[in-house]
Amino acid sequence: MDQFLITGSSRIAGEVTISGAKNAALPLLAAMILAETPTTLHNVPSLQDVTTLIKLIGGMGIRIQKQDDTVTCDTKNIDNFYAPYDLVKTMRASILVLGPLLARFGEAEVSLPGGCAIGSRPVDQHLKAFEAMGAEISVENGYVKAHAPKGGKLIGCNFSFDMVTVGGTENVIMAAALAKGTTVLGNCALEPEVVDLADMLVAMGAKISGIGTATMIIEGVERLYGCEYSVVPDRIETGSYLAGALMTRGDVLAKNTSALLLIPVLEKFEAMGAMITTGEDWIRAQMTERPNPVDIRTQPHPGFPTDMQAQLMAISCLADGTSTFIENIFENRFMHVPELNRLGASIKIDGHTAVVRGVECFTAAPVMATDLRASMSLVMAAAAAEGESLIDRIYHIDRGYEDVENKLRALGVNIERINSND
Ligand code: UD1
C-alpha cells in the first residue's frame with residue numbers, strides 16, 4: 001500500500017493548474033449512457049474514481065475509452081444493464097448509472113453502494129423519486145432492481161426531495177430527461193456540478209428550465225444525442241491548494257479555475273487574513289501572518305461546502321485564537337480530528353461541533369488518511385510541520401486529486417510516494 005513521506009516545513013508557493021472536477025466528471029460520464037450517438041467529454045481528470053466508472057460503464061458492453069483528458073463513448077452495443085457490487089462498493093457515485101439505464105432501457109440492476117467512512121449515506125431519495133415516476137423498485141441481495149412501468153418509459157411527475165441531495169438531484173434529472181411528460185423537481189441541489197450536468201443534458205437535446213435553482217422543470221424528450229462537452233474546473237481541488245498558502249504564509253496561484261465556483265470558501269480565506277485576487281480563470285491566495293480564527297457551518301451550495309471543512313480546519317489549527325466548525329451534511333465527518341491532533345493540533349469534538357484552539361505550529365508524526373478530503377488536510381498539515389511525517393492509506397487521495405505529488409512538488413512541498421512493502 002502506498003504512503004506519502006513529507007518533509008516539512010515548506011512554504012507552499014507557486015502555480016498550480018486545476019483539473020476538471022471529479023464530482024462533475026462522474027455524473028457526466030453516467031449521462032453518456034443516455035445518448036444514442038457518440039459523446040466526447042473533455043477536461044476529464046485522471047483519477048481512480050473516473051477509472052472505476054469507465055470500467056463499470058464498459059462492463060455493460062458500451063465502448064468507452066479515455067485518452068489524456070478526453071473520454072469518448074458509444075452506447076450502440078450495450079448488452080446489459082448491470083452494475084456489480086465489486087465496482088460499486090469502491091465508489092458511491094456508481095449509483096448514478098441507475099437513472100440513465102432505467103430511463104433509456106427501462107431496466108437496471110445496480111448494487112447498493114452501502115455505507116462509507118463519512119456516514120451511512122442512504123440513496124432512499126433517488127429510489128423514492130424513481131418510484132414517483134412509476135418505476136417498480138425492489139432491493140434483493142444487496143442489489144436495487146428497477147423496472148420502468150409498462151411501455152418501458154418512466155412517467156413525468158411532481159417530486160420534491162426531503163433533503164438537498166447532490167447525487168439524488170443528478171440521478172433524477174438524468175431519468176426525467178427521457179421520461180414521458182414533464183417532471184417538476186423541488187428542493188434540488190444547486191451545486192455547480194449539478195448545473196454542469198444539466199447544461200450537458202441540454203447540449204444532448206434535453207429540455208430543462210430552472211437550471212441552478214431549487215425547482216427544475218424537465219420536459220421529457222424521445223431521444224438524446226451525443227455532444228462534445230468540457231467538465232467544469234474542480235472547486236474543491238482549487239480550494240485545497242489555496243489552503244496550503246494560508247497554512248504556510250505562502251502564495252499560491254491556481255490557474256484554469258473560476259472564483260465564481262468557490263465564493264463561500266474565498267470569503268472564509270479572506271476572513272482568516274489571506275489576500276485573495278482573482279481573474280477570469282485564476283485565483284491567487286497570499287498569506288503573510290498567522291491565520292485569524294473562523295466559525296464555519298457546512299451547508300448545501302451556496303453555503304460553505306462540506307468537502308472543504310477538513311482543509312479549513314487544518315488552517316485554523318494554526319490560528320491565533322479559537323475556531324468552531326459545525327458539520328451539517330454528514331454525520332461522521334470529523335475523522336481527521338484525531339489525526340490532526342497527532343500532528344500537534346488541539347481540537348475537541350462535541351457531537352456535530354469541533355472546537356479548534358490554535359497552536360503555534362504542527363509537529364511531524366505518522367498519520368492515517370481517513371477519507372478523500374481529510375487526506376488533503378493531513379498532507380498540507382504535514383507540509384507545514386517541521387520534520388518527517390508518514391501518511392498512510394493515501395489511496396483515498398488518489399481517488400480525487402489528479403497528479404497530486406507533482407502539483408505539490410511544483411508548490412515547494414517535499415513529498416515522496418513510497419510503497420510500504422518495499
Ligand atoms: C456529493 C459529492 C460529495 C459531497 C456531497 C455533499 C459527488 C460524487 N460527491 O455526494 O463530495 O460531499 O455531495 O456536497 O458528487 N442523503 C439521504 N438520502 C439520499 C441521498 C442523500 O439521506 O437518498 C443524505 C446523505 O446521507 C447526506 C446528505 O443527504 O447526509 C447529502 O448527501 P448528497 O448530497 O446526496 O451527497 P452525495 O451526492 O453522495
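Whatever order the structure lists ligands and atoms in, that order sets their numbers, starting from 1.
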Would Pro122 count as a polar contact of ligand 1, with the cut-off being nitrogen or oxygen pairs under 3.5 Å? yes
Cationic N near anionic O, under 4.0 Å, Arg284 to Asp251: yes
Which ring-ring contact (aromatic ring centres under 6.0 Å, His included) pairs, counting each pair once, include a residue from residues 55-83, with sequence neighbours left out? Phe81-Phe105, Tyr82-Tyr143
Give yes or no for whether the N/O distance cutoff of 3.5 Å, strictly under, is met between Val166 and ligand 1. yes
Any nitrogen or oxygen of Asp307 lying under 3.5 Å from a nitrogen or oxygen in ligand 1? Just yes or no. yes
Atom of Ala345, atom of Val359 and distance for their closest heavy-atom approach: CA-CG2, 4.4 Å
Region of Met163 that comes within reach of ligand 1 [heavy atoms, distance under 4.0 Å]: side chain
So the atoms of ligand 1 within less than 4.0 Å of a heavy atom of Gln125 turn out to be 18 (N), 19 (C), 23 (O)
Which of the atoms of ligand 1 are close to His126, meaning less than 4.0 Å from one of its heavy atoms? 23 (O)
Consider every N or O of Lys22 and every N or O of ligand 1, then say whether any pair is closer than 3.5 Å. no
Determine whether the side chain, the backbone, both or neither of Arg333 has a heavy atom under 4.0 Å from any heavy atom of ligand 1. side chain
Between Ala93 and ligand 1, does any nitrogen or oxygen pair lie at a separation below 3.5 Å? no
So, is Thr165 polar-close to ligand 1, with some N/O to N/O distance under 3.5 Å? yes
One thing to verify: whether Arg333 and Glu327 come together as a salt bridge, which I'm taking to mean a side-chain N less than 4.0 angstrom from a carboxylate O. no
Inspect the contact between Lys407 and Glu237 and indicate whether a charged nitrogen and a carboxylate oxygen are less than 4.0 angstrom apart. yes
Is Gly167 in polar range of ligand 1, meaning some N or O pair under 3.5 Å apart? yes
Taking atom CZ as the centre, does Arg409 end up with more than 12 heavy-atom neighbours from other residues, nucleotides or ligands that are less than 6.0 angstrom away? yes
Are Asp2 and Arg393 close enough for a salt bridge, meaning some N to O gap below 4.0 Å? no
Charged N to carboxylate O below 4.0 Å: is that the case for Asp49 and Arg92? no
State the atoms of ligand 1, each with its element, that fall below the 4.0 Å cut-off from a heavy-atom position in Val123. 19 (C), 23 (O)
Can you tell whether the side chains of Arg235 and Glu193 come within less than 4.0 Å, N to carboxylate O? yes
Location of contacts on Glu193 toward ligand 1, heavy atoms closer than 4.0 Å: neither
